[in-house]
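One structure below.
Heads up: numbering here begins at 1 and tracks the sequence. Treat the numbers as computed from the prediction; the structure is a model and nothing was measured.
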Amino acid sequence: MNFTIEPQQQELIDLAKTIAVNEIAPRALDMDKTGVMDEELLHILKSSGLTQTSVPKEYGGAGLDLLTVALIMEEIAKGCSGVATVCAANALASYPVLFAGSDDQKKELFDCLNQGGMACFALTEPGAGSDAGAVSCKAKKVEGGYILNGTKCFITNAPIADKFVVFANTKEGGGIRGLTIFLIDAKTPGVSIGKEEDKMGIRASATAEIIFDDCFVPESARVGKEGRGFLIAMQTLQASRPVVAAISVGIAEAAIEAAVAYSHQRKQFGAKIASFEMVQQMIADMVMKTEAAKVLTYRACVAQMNKEKKAAMYSAMSKCLASDTAMEVTITAVQVMGGNGYSRENPVEKYMRDAKIMQIYEGTNQIQRLVIANEATFG
Ligand code: COS
């Protein structure tokens with residue numbers, strides 16, 4: 001696999017690394033405890049371009065390719081994967097507009113992100129998660145636009161978003177052929193934020209319901225054609241899952257770093273535990289599996305960038321392998337660190353809680369295996 005990172009793109013990856021070390025990691029445990037994103041940190045992320053990684057050059061952005069976005073998110077996730085999730089959610093919300101939006105819609109969303117605005121991708125509902133086609137939020141056609149009614153749940157960034165990319169059904173009987181996308185301003189009458197989740201991990205990122213109550217949006221808010229929403233949702237998730245993989249790799253790398261550092265410092269039976277073969281075996285497995293997940297993640301980005309036929313399969317494989325690896329590696333890191341790993345004074349128990357969501361969001365790993373099996377068997 002060959003890829004080159006342009007010097008300008010490398011600069012942003014290096015900047016992400018510096019910010020992760022100096023600004024994110026020192027605040028991570030505090031944000032984990034309070035469940036609130038640090039305001040000053042959010043400002044730093046916005047002003048350094050890390051919330052705008054998806055903005056194309058022609059709309060005033062850096063025009064980053066997917067691999068660079070993934071490498072940036074990997075660095076941010078080493079500091080805190082909740083923070084990486086906040087930044088990546090803006091990219092996730094951008095893809096439907098990039099793939100199907102009009103020039104005006106792209107301008108609207110990307111101007112907002114460039115000015116420090118935030119966005120969210122609102123697909124999930126109480127009855128539509130893995131079954132993304134089962135969206136019951138209704139968009140009824142009326143004179144000049146649509147009226148939306150329904151509730152979205154588990155929406156990352158909802159409480160801080162200025163723009164919502166919303167999936168609603170325009171067909172009477174529902175079904176995937178009725179799924180339609182709308183770009184909606186958070187201040188639109190009839191839109192409100194519902195219950196905010198008190199989550200196990202990635203607690204720096206806010207997750208909440210969005211409620212639409214007779215919310216009128218003009219026709220110009222519709223992104224792409226009526227009924228094209230499911231296909232665009234699939235294309236979006238295909239593009240975004242390698243980013244989840246990269247965040248997972250970042251978590252695993254942070255866990256390895258903490259476990260290795262601890263193994264050099266902790267002494268038992270008169271020796272550093274790093275010298276014990278059973279500890280070495282745990283570390284060898286952590287490093288080996290993380291490296292494999294990393295290579296597959298970058299491969300999935302390249303497959304997506306080159307529009308390879310098997311890009312959807314690579315995307316699903318990278319997300320599935322990297323998140324399973326992050327889970328395993330973080331559990332092992334806690335084991336290496338023993339009681340200290342279990343303590344909230346050290347970050348590895350946070351990494352373990354954070355890793356769990358990587359196996360769940362943007363399509364559970366069971367769904368990823370379905371996608372992989374479909375392509376491997378019938379593709
Ligand atoms: N790119 C483009 N089109 C795609 C696609 C992709 N990656 N994946 C599927 N499609 C298309 C198919 O080609 C098919 O089109 P036609 O009807 O024109 O033939 C259509 O979408 C339906 O595909 P399929 O029959 O495979 O759909 P299923 O209902 O069986 O569902 C899964 C497929 C389960 C894979 C899909 O619903 C899914 O990904 N679910 C998880 C959703 C998710 O990630 N939710 C998390 C919340 S969002 S953060």
When clusters are formed by joining ILVMFWY residues with side-chain heavy atoms under 4.5 Å apart, either directly or through shared neighbours, do [X] and [Y] land in the same one?
X    : Y    : value
V21  : V348 : no
I181 : V191 : no
I256 : I76  : yes
V217 : L183 : no
Y146 : L123 : no

Got [X] and [Y] here, is their nearest side-chain heavy-atom distance under 4.5 Å?
X    : Y    : answer
T156 : V86  : no
M352 : M327 : yes
E196 : T207 : no
F154 : E197 : yes
Q268 : F276 : yes
N346 : Y262 : no
T332 : D285 : no
S263 : I283 : yes

Quick one: does any side-chain atom of [X] pair with a main-chain N or O of [Y] as donor and acceptor, under 3.5 Å?
X    : Y    : value
T180 : G227 : yes
S94  : N90  : yes
T377 : N374 : no
E209 : K195 : yes
S240 : T236 : no
R241 : A316 : no
Q52  : K46  : yes
Q9   : V69  : no
T290 : V287 : no
E75  : I72  : no

Under the side chain to side chain contact (heavy atoms under 4.5 Å, CB included) criterion, do I147 and F216 qualify, and how do the steps go? CA-CA 4 Å; I147 291 184; F216 172 81; 4.2 Å; yes
Steps toward side chain to side chain contact (heavy atoms under 4.5 Å, CB included) verdict (E11, D14): CA-CA 5 Å; E11 261 175 42; D14 294 341; 5.7 Å; no
If you take all heavy atoms of [X] and [Y], which pair is closest and at what distance?
X    : Y    : result
I210 : A122 : CD1-CB, 4.1 Å
C320 : S323 : O-OG, 3.3 Å
P126 : C153 : N-SG, 3.4 Å
A93  : L109 : O-CD2, 4.1 Å
A208 : P159 : CB-CG, 3.7 Å
L113 : S54  : CD1-OG, 4.2 Å

About how many Å separate [atom2] of [Y] and [atom1] of [X], when rounded to the nearest 0.5 Å?
X    : Y    : atom1 : atom2 : value
S81  : M73  : OG    : CE    : 12.5 Å
I202 : M358 : CD1   : CE    : 5.5 Å
K187 : D162 : NZ    : CG    : 6.5 Å
I232 : L237 : CD1   : CG    : 12.0 Å
K78  : K17  : NZ    : NZ    : 5.5 Å
D354 : I251 : CG    : CD1   : 5.5 Å

Stepwise side chain to side chain contact (heavy atoms under 4.5 Å, CB included) test for L12 and L71: CA-CA 10 Å; L12 209 50; L71 289 163; over 6 Å; no
Distance-only polar pair, side chains of [X] and [Y], donor-acceptor under 3.5 Å:
X    : Y    : result
E125 : S136 : yes
D65  : T68  : yes
S205 : T85  : no

Angle class for the F110/Y59 ring planes (parallel below 30°, perpendicular above 60°, tilted otherwise)? tilted
Below 4.0 angstrom, N of the basic side chain to O of the carboxylate: do [X] and [Y] qualify?
X    : Y    : value
E362 : K319 : no
D32  : K350 : no
K141 : E219 : yes
K106 : E58  : no
E253 : K294 : yes
D198 : R203 : yes

I'd like to know whether [atom1] of [X] has more than 12 heavy-atom contacts from other residues, nucleotides or ligands below 6.0 angstrom.
X    : atom1 : result
Q10  : CD    : yes
R228 : CZ    : no
Y342 : OH    : no
K33  : NZ    : yes
K140 : NZ    : no
Y361 : OH    : yes
E257 : CD    : no

Could you walk me through whether Y298 and E74 pass side-chain hydrogen bond (donor to acceptor under 3.5 Å, both in side chains), step by step? CA-CA 11 Å; Y298 300 169; E74 182 185 330; 2.6 Å; yes
ILVMFWY cluster membership beyond M288 - transitive side-chain contacts under 4.5 angstrom: none
Go through E40 and R27 one step at a time and tell me if the side chain to side chain contact (heavy atoms under 4.5 Å, CB included) criterion holds. CA-CA 10 Å; E40 192 191 3; R27 293 171 164 98; 2.8 Å; yes
Measure from the ring center of F121 to the ring center of F167 and say whether it is less than 6.0 Å. yes
